[in-house]
Amino acid sequence: KLNKLIRKLSAKYGFNPGLILSVIKVESNFNRFAISPVGAIGYMQLMPDTAEWLAPKCGEDWQTTTSLFDAETNLKLGVCYLSYLDKKFGGDLSRALSAYNEGPARVDAKLSNGRVLTLGYYEKVKFHLNGLVTAR
């Protein structure tokens with residue numbers, strides 16, 4: 001069921017399903033009940049405030065923070081958020097993934113100050129793509 005949902009969402013937003021699987025691996029190691037030290041929740045480790053802001057933009061009804069433990073809700077919002085970031089950063093996946101990990105405001109600040117992005121998170125996700133040439 002999870003695989004089917006990932007394929008559906010990947011097709012909807014134009015991502016390779018392997019990219020989404022890689023993000024889930026890095027974020028939660030496929031633990032839908034994962035909670036990070038800063039409060040990110042579920043497979044795609046979404047912050048509740050981000051998910052609440054994002055839900056109407058993704059055509060989802062926001063319920064409560066605990067709805068992020070629901071696989072479908074978490075994946076719908078997580079893939080939609082990655083798509084939002086991908087568009088925000090002009091299709092530059094390294095920037096979009098950095099923003100997914102650090103937050104877009106931090107990435108914007110680094111870029112506007114001429115600082116180089118640290119790409120550790122991007123490299124981890126890329127590593128888990130297991131040799132796939134492209135994330136599209």
Side-chain angles (χ1 to χ4, degrees):
K1 186 175 179 181
L2 183 64
N3 192 27
K4 186 176 180 179
L5 179 59
I6 289 169
R7 288 187 180 283
K8 178 181 172 185
L9 291 169
S10 297
K12 177 179 180 178
Y13 291 104
F15 292 119
N16 181 312
L19 173 67
I20 306 309
L21 289 167
S22 297
V23 169
I24 295 168
K25 172 69 177 167
V26 171
E27 288 291 334
S28 67
N29 199 28
F30 294 94
N31 177 0
R32 82 171 213 207
F33 298 108
I35 302 175
S36 77
V38 296
I41 295 173
Y43 283 129
M44 295 194 74
Q45 291 291 280
L46 295 166
M47 292 297 290
D49 289 347
T50 301
E52 185 174 5
W53 167 82
L54 192 60
K57 295 173 182 8
C58 299
E60 295 295 313
D61 292 325
W62 178 248
Q63 312 263 321
T64 64
T65 296
T66 57
S67 66
L68 291 174
F69 291 113
D70 174 71
E72 188 168 345
T73 299
N74 192 281
L75 290 170
K76 282 181 176 180
L77 292 175
V79 177
C80 181
Y81 186 46
L82 187 57
S83 176
Y84 163 81
L85 294 170
D86 189 50
K87 288 177 186 139
K88 176 179 175 40
F89 291 101
D92 184 326
L93 194 59
S94 65
R95 289 180 179 186
L97 285 169
S98 294
Y100 191 92
N101 180 248
E102 296 180 48
R106 283 191 179 143
V107 171
D108 282 337
K110 286 179 180 181
L111 293 172
S112 68
N113 291 326
R115 293 175 42 208
V116 175
L117 292 179
T118 53
L119 297 177
Y121 179 82
Y122 168 74
E123 292 298 329
K124 281 184 196 176
V125 171
K126 195 171 136 186
F127 172 80
H128 288 289
L129 279 170
N130 289 325
L132 292 175
V133 175
T134 179
R136 304 248 177 239

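Side-chain atoms are counted along with the backbone in the values below, which use heavy atoms only and exclude waters and symmetry mates. Since the model is a prediction, treat every value here as computed from it, not as a measurement.
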Test side chain to side chain contact (heavy atoms under 4.5 Å, CB included) on M44 and L77 and set out the steps. CA-CA 9 Å; M44 295 194 74; L77 292 175; over 6 Å; no
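- Annotation for V107 and S98: closest pair CG2-C, 3.7 Å, computed over non-hydrogen atoms.
- Looking at residues two or more places apart in sequence or on another chain, you find a ring pair (Phe, Tyr, Trp, His ring centres under 6.0 Å) between Y84 and W53.
- Separation of atoms CG (L82) and CG (L93) is listed at 6.5 Å; rounding is to 0.5 Å.
- Atom-to-atom distance recorded for N113:CG and D108:CG is 10.5 Å, nearest 0.5 angstrom.
- Judged by distance alone, with hydrogens and angles left aside, the side-chain atoms of N16 form a donor-acceptor pair with the main-chain N or O of G18 at under 3.5 Å.
- Minimum heavy-atom separation, L21 to I6: CD2-CD1, 3.5 Å.
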Kindly indicate, with the supporting measurements, whether the criterion side chain to side chain contact (heavy atoms under 4.5 Å, CB included) is fulfilled by F89 and S94. CA-CA 9 Å; F89 291 101; S94 65; over 6 Å; no
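- Distance check: N74 CG to E72 CD gives 11.0 Å after rounding to the nearest 0.5 Å.
- Side-chain contact between Y100 and D86 is absent, with no heavy-atom pair separated by less than 4.5 Å.
- Between the CZ atom in R32 and the CG atom in L2 there is a gap of 10.0 Å [rounded to 0.5 Å].
- At a cut-off of 3.5 Å, with distance as the only test, a side-chain donor of E27 or Y121 sits close to an acceptor on the other residue.
- Put simply, SG on C58 and OH on Y13 are 5.0 Å apart, with the number rounded to the nearest 0.5 Å.
- P48 and G39 get closest at one heavy-atom pair: CD-O, 3.4 Å.
- Between T118 and E102, the shortest heavy-atom distance links the atoms OG1-OE2, 3.7 Å.
- For the pair D70/Q63, no side-chain contact is recorded, criterion being any heavy-atom separation below 4.5 Å from C-beta on.
- Using modelled atom types, no side-chain atom of E60 and backbone atom of T73 make a donor-acceptor pair closer than 3.5 Å.
- By the neighbour-count criterion of 12 heavy atoms within 6.0 Å, atom NZ of K124 is sparsely surrounded, having that number or fewer from other residues, nucleotides or ligands.
- Taken from CD1 in I20 to CG in L129, the straight-line distance is 9.5 Å, to the nearest 0.5 Å.
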Begin from the C-alpha positions of L97 and K126 and carry the test side chain to side chain contact (heavy atoms under 4.5 Å, CB included) through to its verdict. CA-CA 10 Å; L97 285 169; K126 195 171 136 186; over 6 Å; no
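- The two residues S67 and T64 have their closest heavy-atom pair at OG-O, 2.6 Å.
- I35 and M47 fall into different hydrophobic clusters, where Ile, Leu, Val, Met, Phe, Trp and Tyr residues are linked whenever their side-chain heavy atoms come under 4.5 Å apart, directly or through other members.
- Here the side chain of S83 pairs no donor or acceptor atom with the backbone of V79 at under 3.5 angstrom.
- A single hydrophobic cluster is not seen to contain both L68 and V38; linkage of ILVMFWY side chains at heavy-atom distances under 4.5 Å, directly or through other members, places them apart.
- Heavy atoms only, all atoms of each residue included: V26 and H128 are closest at CG2-CD2, 3.6 Å.
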